[in-house]
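Report on the following structure.
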Amino acid sequence: MIEPALRFAGVGKSYGRTRVLDDLALDVAEGEFFVLLGPSGCGKTTLLRMTAGLQTIDRGEIYLRGAPLSPVPPERRNIAMVFQDYALYPHMSVYNNMAFGLRRHGHGRSETDGRVRKTAALLGIEPLLERRPHQLSGGQQQRVALGRAIVRDPVLYLMDEPLSNLDAQVRASVRTEIKELQHRLGVTTLYVTHDQVEAMTLADRMAVLNEGRIQQIGRPIDVYRAPANEFVARFLATPKLNLFDGTLERADGVVRVRTAIGTFTPSAPQAGLGERTAVRVGLRPEEMKVSFSPSDGATALDVRLLEPLGSQVLVIAKRDGDELTISVPADAVPEKPERVAVVPSGCILHLFDRDDGRAIAHFTSA
Amino acid sequence: MAAARPYLYLAPTLAVLAAFTYFPIARLAEMSLHAPGAGTSLGPWTGLSAYAKLFANPLFWRVLGQTLLFVSASVPVAMALALGLALLLDQPLRGVGVFRVLYYTPVVMPTVAVAALALWMFNANGGIVDYLLRSFGLAPVPWLVSDKWALPTLVLIAIWKNVGYYMIIYLAGLQSLPRAVLDAARLDGARPLVRFFTITLPLLRPTTFFIAVVALIGSFQVFDFVNLMTQGGPSNATNVLVYFAYQHGFEYLQLGMAAAISLIMFALVLTLLGLAAWAFNR
């Protein structure tokens, strides 16, 4: 097997008695764009800062290209980091911001100049070279911060929520830029975010973290399709995962899933359901079929609110204590819908163990 | 009317300042051009003769030189010490708060108490400083009684008294520095000393400027230690501008001369502050 570029081996970190990270194991391949996704406080930034050397490793070890990192001070790790609030040197020009690291590493004047100008051209920030950071927009500042990381030609990029201080439009364009750059430069990248869209769009592979533990590692599409547990499913759903208690009913060799919003039958036999009868059922708003003119016998819900998003409309419906959010194409929604029912076929269901939340099955209903 | 409102709010302070600051300065200028009269009234017009007399007096030049020496010795040293202490006390040490309080204590001590303490410590007949020097096998120093050592001793005491104050301001400045910028410099390969000179110190510029202004003004106005400890002696070795003005005004009753000295000092401080502002805003 090829040696991973970055290996976390049993890494742990505690603040006092609080375990921020617990026995974390993870391999990142050379050239891979790896995203750590998780809610705030899950330990993802701590992991990044430990990799950078800005925080000590309490247990385990991090290896960069096979060499343990803890004996190496951050100054000599040859790792570049992009910070959430850019962290540009405010008293230096853009040029000097980018040249700073090169000078520290003993590069000569002409080489420094060549590399700064080449990187500036790559990022389209040449006209800004003489400006100070406070004269730049947020997007420009983050581009300079990227430039400062790229120009050093490090073995690893660390990115700590680099897009979260930008407004939506700039965020999308810088996101595309980061992805293109990373593919072009092929430098291993560890990227931290709490935004699932960023994770989905950027990552070659990702790890979902919660409370200092890895919940799932995989390609974004695999994690999305088959979340390993209820937490991952909830975290990777916009706006939110619909969760219901479900009962498994078996008759004539067929298993049915009965919930408060309808009864579903898997389109293919599902091994792994075992003998259990109680499950949790997760349905993503965008993975459901609904009808606004429910037939008799269907479980209808009262439409409470419509949230138009443009091409899609979020329909929020209620029945007794249960609330359901469904994402529907805008042209499929009638003028003032009063009732809505889930069509039992063609929905994607995620079944979880009621006790520990582990995923049991993911299937499309017949 | 609405446009005038902000000025209305500024007016009361301005009125107080006018009555107790700007008017006295103008009055001072007037006094320096007149012979003293009876009570608070002005005597006959003397023109610039007070200034002429002052400039012809070698003692004035000596006092001016000693003042500048006092300022240029105490301000940079106190600021450098304060920054060093602030850097130490910015570390995540156990019990760091205790040290902060300890270093700040001289600032809250009344000057009279500090002066009395210093007189006792630097006493030429069995003061503790000489005792310590002797116990290290060093010769005792005639601190306050020799004209060579008296001014440096006052500088030492002033530094000791002020360093805690500057330190607290530096500490506040250090703690408001953006941590991520310093982290970025580390990852860029900058070692501690390089980080200090290329990042920390430049980012502390506004703090340094503020302290420099406060320290400059404060040390030009040094009077209390001189008055309490040496009365300008021995043989004028510790005489400084404010004390010199005080002597003329209240001992020799030459109010015109005192006013002239005060105005010269005022102009000097203003010029220095202007220079400092220019240097820091460049």
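All chains are named by letter (A, B, ...) in the order of the sequence lines, taking the proteins before the strands, and each is independently numbered beginning at 1.
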Heavy-atom neighbours of [X] [atom1] exceed 12 at 6.0 Å:
X: Tyr165(B); atom1: OH; value: no
X: Tyr15(A); atom1: OH; value: yes
X: Trp149(B); atom1: CH2; value: no
X: Phe33(A); atom1: CZ; value: yes
X: Phe280(B); atom1: CZ; value: yes

### Task
Please examine the side chains of Val181(B) and Tyr86(A), heavy atoms only from C-beta on, and report whether any two atoms are closer than 4.5 Å.
no
Where do [X] and [Y] come nearest, in terms of heavy atoms and distance?
X: Phe83(A); Y: Ala184(B); result: CE1-CB, 3.6 Å
X: Glu75(A); Y: Pro192(B); result: OE2-CD, 4.1 Å
X: Ala185(B); Y: Tyr89(A); result: CA-OH, 3.2 Å

## Note on the structure
Interatomic distance, CG@Asn97(A) vs CG@Asp188(B), rounded to 0.5 Å, equals 8.5 Å
### Message
Is Leu88(A) in contact with chain B via its backbone, its side chain, both, or neither, using a 4.5 Å heavy-atom distance?
### Response
backbone
### Message
So for Arg152(A), is it side chain, backbone, both, or neither that comes closer than 4.5 Å to the heavy atoms of chain B?
### Response
side chain
### Task
Select one option (side chain, backbone, both, neither) describing which atoms of Arg179(B) are under 4.5 Å from chain A's heavy atoms.
neither
### Task
Measure Leu187(B) against the heavy atoms of chain A and call it side chain, backbone, both or neither at under 4.5 Å.
both
### Task
Please report the C-alpha distance between Ile199(B) and Met92(A) in whole Å, then the side-chain angles of each, then the deciding distance to 0.1 Å, and finally whether the side-chain contact (heavy atoms from CB on, under 4.5 Å) criterion is met.
CA-CA 9 Å; Ile199(B) 310 288; Met92(A) 295 184 197; 3.9 Å; yes
### Query
Backbone N or O of Arg186(B) within a donor-acceptor pair of the Arg104(A) side chain at under 3.5 Å?
no
### Query
Between the main-chain N or O of Thr198(B) and the side-chain N or O of His91(A), is there a donor-acceptor pair closer than 3.5 Å?
yes
### Task
Before giving the answer on salt bridge (charged side-chain N to carboxylate O under 4.0 Å, His left out), spell out for Arg49(A) and Asp183(B) the whole-Å C-alpha distance, their side-chain angles and the decisive distance to 0.1 Å.
CA-CA 10 Å; Arg49(A) 291 178 63 82; Asp183(B) 287 345; 3.1 Å; yes
